[in-house]
Every structure is written in structure tokens, then in C-alpha cells.
Amino acid sequence: MYKSYKQLNLPEIDQEILQFWENEKIFDRSIQERDPEKTYVFYEGPPSANGLPGIHHVMARAIKDIFCRFHTLQGERVDRKGGWDTHGLPIELSVEKELGITKDDIGKKISVDEYNQKCRETVMRYKDIWDDLTRKMGYWVDLDNPYITYENSYIESVWFLLQRLHRKGLMYKGYTIQPFSPAAGTGLSSHELNMPGAYKEIRDTSAVAQFKVKDTDNEYIVAWTTTPWTLPSNTALAVGKKIPYVKVSTFNRYTQEPIFVTLAKDRLNAYFSEAKPDMTAADAVPGNKPYPYIEIVAEMTGAELAGTRYEQLMPYVKPEGDAFRVIVGDFVSTEDGTGIVHIAPTFGADDMRVAKENDIPALLVKDEFDNPMPLVDRQGKFVAEVTDFAGRYVKDYGQKEDRPTDVDIVIKLKEENKLFHSEKYLHSYPHCWRTDRPVLYYPLDSWFVRASDYKERMSELNKTINWKPTSTGEGRFGKWLENLQDWNLSRSRFWGIPLPIWRTEDGKQELCIGSIPELTREVEKANKALGLNQEVPKDLHRPYIDDVVLVSEDGQAMKRELDLIDVWFDSGSMPYAQWGLDYEKLAAGDEQPFNAPFGQSYPANFIAEGVDQTRGWFYTLHAIAVMAYDTVSFKNVVSNGLVLDKNGQKMSKRLGNAADPFKTLEQYGADATRWYMMANSDPWDNLKFDLEGIEEVRRKLFGTLFNTYSFFTLYANIDKWQPQAGQSIPVADRPEIDRWVISKLNSLSKEVQEQFSAYEPTRACRAVERFVDEHLSNWYVRLCRRRFWKGEMNADKQAAYETLYECLVTTAQLMSPVAPFFSDWLYRNLTEGVKDDAKKEGSRLQFDSVHLSLLEPANESLIDLGLEERMDYAQRISSLVLSIRKKDMIRVRQPLQKILLPVLDAGFERQVEEVKDLILAEVNVKEIAYLRDDEEGFLKKRIKPNFKTLGKRLGKNMKAAAQAINQFNQDDIAALEKSGTYTLVVGDENFELTMEDFEITTEDIPGWKVATDGSLTVALDLTLTDLLEDEGMARELVNRIQNIRKDKNFEVMDRITVVISEDPTIARAVTNFGDLIKGEVLADELSIGTPNGGEAIELPGELQATIEVNKRS
RNA sequence: GCUUGUGUAGCGUAAUUGGUUAACGCAUCCGUCUGAUACGCGGAAGAUUGGUGGUUCGAUUCCAUCCACAAGCACCA
């Protein structure tokens, strides 16, 4: 017996199947039972269990799950090691928030030890919730043996990779400009700068300073800045190579002295009102108002201007090198300012870069340890050397001063005839999210990976990766690689992987450690040399590792560089670090000394994450693989889009529009949710997540399939039908419609397998939807219903059962990657009773779960495109007939005599003839007649040019040709059809056209009711004879009696007796079609008489009658 | 600001890669069928394919430009 259910309950199925999977260890078996030689490698990008999972995680993980399951289905072995990302800023932040401390307090209020302990506890806080989601959504990943990035074995593997890069000379310590918060005393990551609210609109004092050209009396180059405090550090001016500049004569508005100023021609109007040759000093007014200039005395391009030397603006400190030159910068624009940019290499990233390119020195002083430092210290104060402003904060850091330093600098410039213009300027400027104080761009020491050295190689190898969608790989990722900068590895934090570099005091000797054994050796060496008694710490994190002192070759003590590494390096190392180091291989000098099964699991066949990982995980995986081993680390990558709310807004807790993944799964089930996400749109498009869409999927796909299954079980249980090996009817011997649906099924199987192989889940899902709804349920089952419930078991019935059964089993397999629960439920219900036998025979029904089954390639020999075509005709012709009936209000139960079909071509008639019976039964018509063209002029035809074939040949004559062809009359068309060729004359050119250059359709059959669909035309004979009317009435009676049976809750197989009240029309119908009625409603007796009670019914023609239906005892 | 992507009926998506009635589903309205299916079927209404220009005999499709949305990267004088 097949299990039958009252109604579909997907969440209940989830529960049941989950239990089953766990009890029978199905996930484990789905890996263990596969050939270890045939692997499909998948990498799990580690989530952080520090935050709660959202609905977008369901999306991302559904994608991962689908392709892993699909490849399992194809017989491959897909190991799926889970992982946890345990380091990083968000974790530190949540710990600090909880403890109510700031970074400053670490080491003071709380020891680093305690702090890190707290991080370690916090990081797995939501692990249980994550595991719960993983389980409930049906994501199969190994959670029992995950890699965890804070474990020693992981850390030392990362060290090994770092050491490998170090040995290749790819790591260096350098000075770069980074966002820095003086108030908090820490550098900030771009992540922190992009926190909401970090950029604020503020009003700054801006200045246009006058830089005096060397060896002139009063010629100046003017440059604008919104940060006057950087002016003492100026060492160059940048211009645009092709930008035109002008030198104009005028007066200084503050000193009234005559001056010449150079600025971009495009910016002239920003500072001057007009040319006024008779201008006097009195015309130069203070304030913001532009005033005139006398005249343009010279014009030049930036390229010509470059090389000009000028005097230092604020000569507090002398530079070491060739400074104070005009140089060319690619970033210079004329959008605002003067088109000339003031360069202070210590306080701007562009500045530093362009200065380096032009050998411009930075302005530096020596700190107390004789190390170079900029003119502003780490607290944001000017150094002593900047005498006028020494000790003053450059920005507002809570000091109580009369005036901001910027204003005093401007005043000083004004007095010295060095200021051309000043005004308050409103702009957005980054602030430290913690202290709310402005950020400075400040040069900091950092460790870098020379990623830019591998720029070309990374691009090259990237081209071998299959990106979904390609635009992300070529565009977003490709462009990023083209402009690759060195990777800043340093993070001055506490909870993360420590940089394994030890240096001597002078920084001249350094050692990069690549494993715990190596560290042990070095510690022993140091102990001996320095007389210490150190041990390798049990935990490689700070602060323990900071205490380790190593020794250089010449006996100097070496201390660890205090930085941690960027957490992105952690996750990018997972292909190697998830397995840990194999010390034997390491000792043997293996270049890839990682534990098994590293060799079989590198590189990955497939990874998937959100697009936001393009420059995150996708990049770090790629960069590390290319730099360390000159390979790709993944061959296929799917980057999914965002999950937005149904209005296209980003989901956020704040807006309250975030969908709760648990509620969604609980209410709709995992399968409907997953299916909706895949079928609705390509996963790389943003998804407008709408619960109604899930409901629709539940109804249309799962509901339909459930009903199809219910239908099958209803009759299969009555007939006690089960598939039996060796007894099945060869497909070739089955009826047309069976062969058709089997053909469709194999076409589907082919399509679905192709699409999944090509990482196109949406296309695969839509193909399944179409098959289930349009073909299986609403054509095959609908037309075959009678075969299941009519009569005794015979070959035809047997064929019907087998066909439907095969369709259901294959469909379960095909949909199983996306809908793992329902498909398993379906597969198991179908195979439960036959599994034992199937095991003996080794058939595909033998498996304990659909996820252990093997999906065979589509059987192409069963695909019959001709058959599919004629069934398509049948569907369309039926639909057309029904539409004519509808138009003329003739109900389907009323039989009609004849359908008339104009013959399109010889093949058409043959095709339709094969499916004639199906059409006639479906639309309740007695016969089909074909109209050939013998009777000229009977059919009214329409002709259209075939643009596809003609367009190429005719080119611009196409328009004239189309016009000529559209004007063909019926005789022209007939002549063309007879000869098969036509000579088209356009202008003085002749074109020989053949039949395929035209599309001829039948437009009308005079005297008949006609409907058309594309090239198909159907006419219907609406004449009603008495006999037809009687049969129509008989069918009405069948319908009423069936309804009564149903109302009375009779069993499907119950026999009945029927008495109908007297009426001449009814009597005639009963006389002529009594046997038909009896057969349909399973009546042993049918009579006209006086019903004893019974049901009152209405019949067409406003006929009233009473029918008495009784069960036969 | 730069880069990338998206824009088709109220909503969600198609369109054989440049070929002529722009398709499907949901929702709405009207009608209808059913002994698996409150499901199906039939019909109606609903679109200047974001705007403008261009290439072409022909553009939803190619190009340019603008607009809107989203993301990424910058944010700097």
C-alpha cells in the first residue's frame, strides 16, 4: 500500500524527513557510499557565529547545497567540511560593548588575556542557532568536524602560508596613509569608516594659499585646501597634464598688493568676476565676493607648468630632498578648487603616491627615539618644530581653545600675503564612529603583501574561472585585479592571528615563523643563546605569543611585530588551513605539507557566496592561491545577489522589514522557500523576497505534484499495483500518450542535468515546474484518468501505472537538489513497498533515500521530438476548439460532430491523425476532417514575408518587399502555392523566392466558426442533431449522478441503482444512451419512473428533474 | 564622484541572442469543467519594453547619452 494523505503539509514533511535523515545518517551515507576517486570539491565559506543568521543566509546556503546534492546524485563524492570564522572586528566590538569598555581599556581595565578569553567565548555564541538553521533548511554540511580559525592548527597553517610569501620576498613593512583616529589613538579600517554615520557634513575653514614662484617678485600659484593644517607639510603642487591654466594679473584682496596668480582656466570664474583692465587695488574686496582681474598674461597646459619651482609656504621644517616643485597628478580635476592641488605626502594617500612617483620628499621630524615622524603627532597635535602652533590640536578633539588651529593658520597666511582666499566650506568628512571626532589621514607603519607583483598572473588565472554571473568575474573582480594595490595585512588589535614575524631592535634582521615545530626550535635556540627559560605558548594568540623572544643569527634578541593579520587572510587560507599541517611532510620539505585529504580537495570545483564577498573571500582565496602556489583555488563560483524585501528595500532590523528565516521555514517549509528563491529569478539578481511567492510555489508546484501522487495512490492502492521488474511493458508498446510523456520526461531530465551542470538553477527549476504542471498533471493525468479507474487490470492500465510511476520517481530525483525534503518524501513513499525486491535487482528503486540514488543520464532513445510536436498540436487544437465552444456558449458536455482542419503540409495531417483520439475525447467531438487545398478559394489565406530568411538576402529592399507581399490577393497566394516559387521585383532587381520565404496561414473558412493560434487554424461544426443532443443530455445526467454519489459519500467502487423522474427529453436520452450512463456511474439499474425521494436537479434548457440514487446492497 | 549591474502590464519573470501580434504566472473581472486537484480550462482588461538620440530594411536585444534603483570602490585637494 502507498501512503495516502489528506492534504499537503510541507513543514510536517520537513520534520518527518529530518528525523529520518538523522536516524539513518543519510548525509553521512551520501558521502561514504560514493566513490572516493570521483570527488567534487566544495569549500564552505566560514560564517561568523557572532551574529544571527538572516533569510539571505538561506539563499546563499541553498545555492551551495543544490550543486553539492546534484553532484552527489551524479555519483560523485562531495565532502563538505563546515567552518567558522572566529576572528575580526565585529567580535571585538560586541565584546567591548558587552563589557562596556573601549580599545583603550584593554591592558588597563581588563588584561589582554581576559579580553581574548571573552572573545573566544563570544564568538560561538549563536552557534546553536546557526546549526539549527542549517538543519531546518536542509543544508548538508559537516558540522561535527568544522575548521575553526582560532585553533592553533589553523593559525600555524596560516603562518606557514605567510612564511611562504615571506620567503618569496612578498612581505614588507611600509609606511602608508591610513585613516587614523587621534581621539581613540588607533588606525581605522575602511570597514569602520563605512559604518553608518561615519561621514558627516561639516563646515571647515578652507583656504586658497598663494605659493610664490621662485625667482619672481609677486607671481603665485594658488591651491585650495579644506585642511589648512596640512599646509606646513606641503612639499609639492599637482596639476592636470592636459588641463589648461592661465596666469592673470590682479590684487590680493587682503593686502591690496599687486599679484600674478596661476590657476586652471576653467576655475577663473570661480574666483574672478570679469576682466577689468583699469582695475585698481580698491576693486579687490575681502569676503567671498569674486572681484575682477586685470588681464590674462599667459596661458599654458599643466604639462608646461610642471617643473616650476616655488618657495616653501610655511618654512618651519626643511625637507630632505628636492621639494617644492609643480608635478603632474592624474587625479587632478577642475571640479572645485583652483585646479591645482596642494600635496602633503604625510597626510594623503594620493599625495604620498604622487610624491613617491616624482621623488618628492615628505616633511618629517625626528621623534624622541630619533624615528622620523610627521609634523602632527598621534594625538593630533602639532610637533614643537611648528613653532607657532606647537602643541595645538589640528582639529577639534575636545580641547578648549579660542579658535580652531585652521583659522589661526589662515590668519597667519593672510598677514604674510600668502592667502588668496578663504571661506567656510561644507563637505562630508569621516569621523571616528567611536569618539565622533574627525579622522585624520595619517602615515602608519604596516606590513604589506606585495600583491601588485602578481596582478597580471591573478588576472590571467581569473580568466580560467567560471564566474556566475560572468559580469562579476570580468567586471567587478577583473577590474579590481587590474587596479590591485598591495595588501595591507596589519591590524593593531588583539583578537586575531598574530603576525609571525620577529625582528631585531634595529629592524635589520627578521624571522618569519611557519609552524609550531619551527617556533619550538627557535625558542630553544633563543633560550640557549640568551639564557632564557621560555616555552612555546599553548595558545598562539596574544598576549602569550608577544612574550616570546627569539634570537637572530648574530645573537641579538628579536621581538614579535605586534600586529595581527587581516582576518580576510584567515578565510582565504581555508583551502589549506582547514586540514592543518602534516609535520612529516613539513619536515620532508613538501611545498604543500597539509593533512589529507588536501591532495584530493584542491582546488575547489565550486564555491558560492554573496557578491559582497567579491573583494573579500573570493579575492583572498584567489590571491593566496596565486601568490603561494600559482594556481586557482576554485574553478566555478556563484555569487548570489542580495535578498531585499518585497518593495526592493534592503532588509534591516531597524526598518523591521527583515524576514525571520525560522518563521518562514516553519510556515512554508524549507522546500517551498528554497524553490521560490531559485525559481523566481537568477540567484545573482537581487531577490525581492515576497512570502506570497513562496505560497504560490507551494500551491502550483508542490500542490500539483502532491495531487498527482494522491491520484496515483488512490487507484494504485485499489488495484494493488506495484512496479515489478521483468514485467514492465516496453515503452515502445505503450500508447501514444505514454510514450509522449516519457519523451517529455527524458527531455526534462536532459535539460535539468544540463542546467545544473552549467550552474543555472533557475532554468532547471522552471523546466521542472513546466513539466509537472503543464505536461504531467494537466495533460497526461487529465487525459488518462479513465485508464486508471476503468475496468480490470490489463496491458493498457498496466502501462498507465508504469508511466505515471516512472514520471513521479524521476521527477523526485530531478527536483531533489532544490527540494530535498519533499522529493525524499515522494521517492520513499513510492519505493517503500518495492525496495527489498529492488535491492536484489539493483534498480534505481533500491535506495533508502532519493539522496543516495543515482540519477541516470536522460535516455535519448526515448525522446521523440515528432511525438512531442504532435502532442503540442493536440494541446493547441483542443484549446482552440474549446475557445470556439466558449464563444458560442456550447458546453463541453454537449458532443459535436466535426472538427475541420486546414492542412498545413503533408506531415501535419499524419501528425494529427496519430493524436486524433485524444483530441476528440478531450473536446467531445466525433470526428476530424482535413481540408486540403483542392477546392480553390474555399480557404481564405493570409501571407506574410519570412523576415528571418528574407532580411539577410534583401537588406534594405526588405521594406518594399514586405509591402509587395502583404498586398498579395488570394489568387496570388494560390499561384505561389502551386508553383512553389516567386520572382520578386524590387526596383530593377529580381529575387527568386521559395516557399520558405513566406508564412502562409489560413485566416478564415467561410461559413464555419474558426479560431487560430499562430499557423494553426481550427474550424468547428456546430450543427446539433437529435442524437447529439441526446448524448449531451446523457452526459449531463452522468454528471449529476456522479455529484450525488459524491455528496452521499459513496465509495468509488460502489454499485448503484438510479431512478429519474419522467420527462420526454430525458427519456429519449436514457433510451439511446442508457448503457453509457450506467457504465459511467456504475449503475446496475437505470429507469425512468417516480423517484422515491431523491435529489432535485437542474438540467440545460431549464429542465427540472428528480434523481434517486441508491447504493446496491 | 568612479565602476558594475538592473529597468518589459499592478506584481514577479520570458522572449530561440537583431526578424515583425512582446510571452508566462500571480492579482482583477466574466464564464466554465471536475469521482485526483477550492485545481484546471476559456475569455476580458492591463505595455509608448525607463527617457532621448543613433546604427539597421528591421531594436526589448547593439551603440551613445540622460534618468531611476541597487551594489562595490573612492571621498580627496
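Letters A, B, ... mirror the listed sequences (proteins, then strands); counts begin at 1.
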Worksheet item: Would T811(A) and F771(A) satisfy side-chain contact (heavy atoms from CB on, under 4.5 Å), going step by step from the backbone distance to the final call?
Response: CA-CA 9 Å; T811(A) 302; F771(A) 174 77; 3.7 Å; yes
Worksheet entry | Working for side-chain contact (heavy atoms from CB on, under 4.5 Å), residues V341(A) and L237(A) | CA-CA 6 Å; V341(A) 178; L237(A) 293 171; over 6 Å; no
Fill in: F618(A) and W467(A): CA distance, side-chain angles, deciding distance, ring-ring contact (aromatic ring centres under 6.0 Å, His included) verdict
CA-CA 11 Å; F618(A) 295 157; W467(A) 281 83; 5.6 Å; yes
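K944(A) has a side-chain polar atom (N or O) that falls below the 4.0 Å cut-off from OP1 or OP2 of U21(B). Taking 4.0 angstrom as the limit, R785(A) places none of its side-chain polar atoms (N or O) nearer than this to OP1 or OP2 of U34(B). One finds a side-chain N or O of S681(A) lying less than 4.0 angstrom from the OP1 or OP2 phosphate oxygen of U13(B).
For R893(A), the listed nucleotide lying nearest its side chain is C33(B); candidates were U37(B), C33(B), C76(B). You'll find that the side chain of N778(A) is closest to G40(B), out of A36(B), C76(B), G40(B). Checking A14(B), G12(B), C76(B) against every side-chain atom of T226(A), the shortest atom distance belongs to C76(B). Closest to the side chain of N680(A), out of U13(B), A36(B), C76(B), is U13(B). With U37(B), G12(B), C57(B) as the choices, the nucleotide that has an atom nearest any side-chain atom of M958(A) turns out to be C57(B). Side-chain proximity of F947(A) to the nucleotides A36(B), G25(B), G19(B) is greatest for G19(B). The side chain of R699(A) sits closest to A27(B) out of G12(B), A27(B), C76(B). In the set U37(B), C26(B), C76(B), C26(B) carries the atom at the smallest distance from any side-chain atom of K700(A).
Within 4.0 Å (heavy atoms only), R770(A) reaches no atom of the nucleic acid at all. Among the heavy atoms of the strands, none lies under 4.0 Å from G693(A). When heavy atoms are screened at a 4.0 angstrom cut-off, Y715(A) is found touching the sugar-phosphate backbone but no base atom. Using a 4.0 Å heavy-atom cutoff across all strands shown, E696(A) reaches sugar-phosphate atoms only and no base atom. When heavy atoms are screened at a 4.0 angstrom cut-off, S777(A) is found touching base atoms of the nucleic acid. Contact annotation for V781(A): base contact, defined as any heavy-atom pair under 4.0 Å involving a base atom. As judged by a 4.0 angstrom heavy-atom cut-off over every strand, N1039(A) is placed among residues touching the sugar-phosphate backbone only.
Checking P945(A) against V341(A), the closest nucleotide of RNA chain B that is more toward the 5' end is the one next to P945(A). Heavy-atom nearest nucleotides on RNA chain B were determined for K948(A) and for N707(A), and the one closer to the 5' end corresponds to K948(A).
What separates CG of D351(A) from C1' of A74(B) is a distance of 15 Å, to the nearest Å. Rounded to whole Å, the distance from CZ on R782(A) to C1' on C41(B) is 6 Å. The nearest whole Å value for the distance from the CG atom in L783(A) to the P atom in A36(B) is 13 Å. Remark: P of U32(B) and CD of E1036(A) are 12 Å apart, rounded to the nearest angstrom. In this entry the distance linking CZ of F618(A) with C1' of G72(B) reads 14 Å, nearest Å. In this structure, M352(A) atom CE and C76(B) atom C1' are separated by 16 Å, rounded to whole Å. In this structure, Y709(A) places its OH atom 16 Å from P of U37(B), rounding to the nearest Å. The distance from atom CH2 of W229(A) to atom C1' of C76(B) is 13 Å, rounded to the nearest whole Å.
Of the P atoms belonging to C29(B) and U34(B), the separation is 24 Å, rounded to the nearest Å. Here the separation of U6(B) from U49(B), taken at their C1' atoms, is 14 Å to the nearest Å. Distance check on atom P: C24(B) versus U65(B) gives 36 Å, rounded to whole Å. Distance noted for atom C1' between U20(B) and A15(B): 14 Å (whole Å). Nucleotides U17(B) and C39(B) are separated by 37 Å at their P atoms, to the nearest Å. A68(B) and C62(B): their P atoms are spaced 22 Å apart (whole Å). Between C33(B) and G40(B), the two C1' atoms lie 8 Å apart (nearest whole Å). As rounded to the nearest Å, A44(B) and A22(B) have P atoms that lie 15 Å from one another.
The partner of G18(B), taking Watson-Crick or G-U wobble pairs whose two distances both stay under 3.5 Å, does not exist in any strand shown. The nucleotide G1(B) finds its pairing partner in C73(B), both defining distances of the Watson-Crick or G-U wobble pair being shorter than 3.5 Å. C39(B) is unpaired under the Watson-Crick or G-U wobble criterion, no partner having all donor-acceptor distances under 3.5 Å. Nucleotide U13(B): paired with A23(B) (Watson-Crick or G-U wobble, both distances less than 3.5 Å). Pair assignment for U65(B) gives G51(B), based on Watson-Crick or G-U wobble hydrogen-bonding distances that are each under 3.5 Å. A44(B) is paired with U28(B) under the criterion used here, namely a Watson-Crick or G-U wobble arrangement in which both key atom distances are under 3.5 Å.
In this structure U49(B) sits in the anti conformation; its chi angle is more than 90° from 0.
Ring geometry for F711(A) against F788(A) counts as perpendicular: the plane angle is over 60°, on a 0 to 90° scale with 30° as the lower cut. The aromatic rings of Y801(A) and W721(A) sit parallel to each other, their planes meeting at less than 30°, with 60° as the upper class boundary. Note on ring orientation: taking the six-membered ring where Trp is involved, the planes of F712(A) and Y709(A) are tilted (angle from 30° to 60°).
Residues I1107(A) and R1040(A) are in side-chain contact: their nearest non-hydrogen atoms beyond the backbone lie under 4.5 Å apart.
Between the N686(A) side chain and the V643(A) main chain, no donor and acceptor come within less than 3.5 Å of each other.
Neither side chain, S639(A) nor K468(A), offers a donor N or O lying under 3.5 Å from an acceptor on the other.
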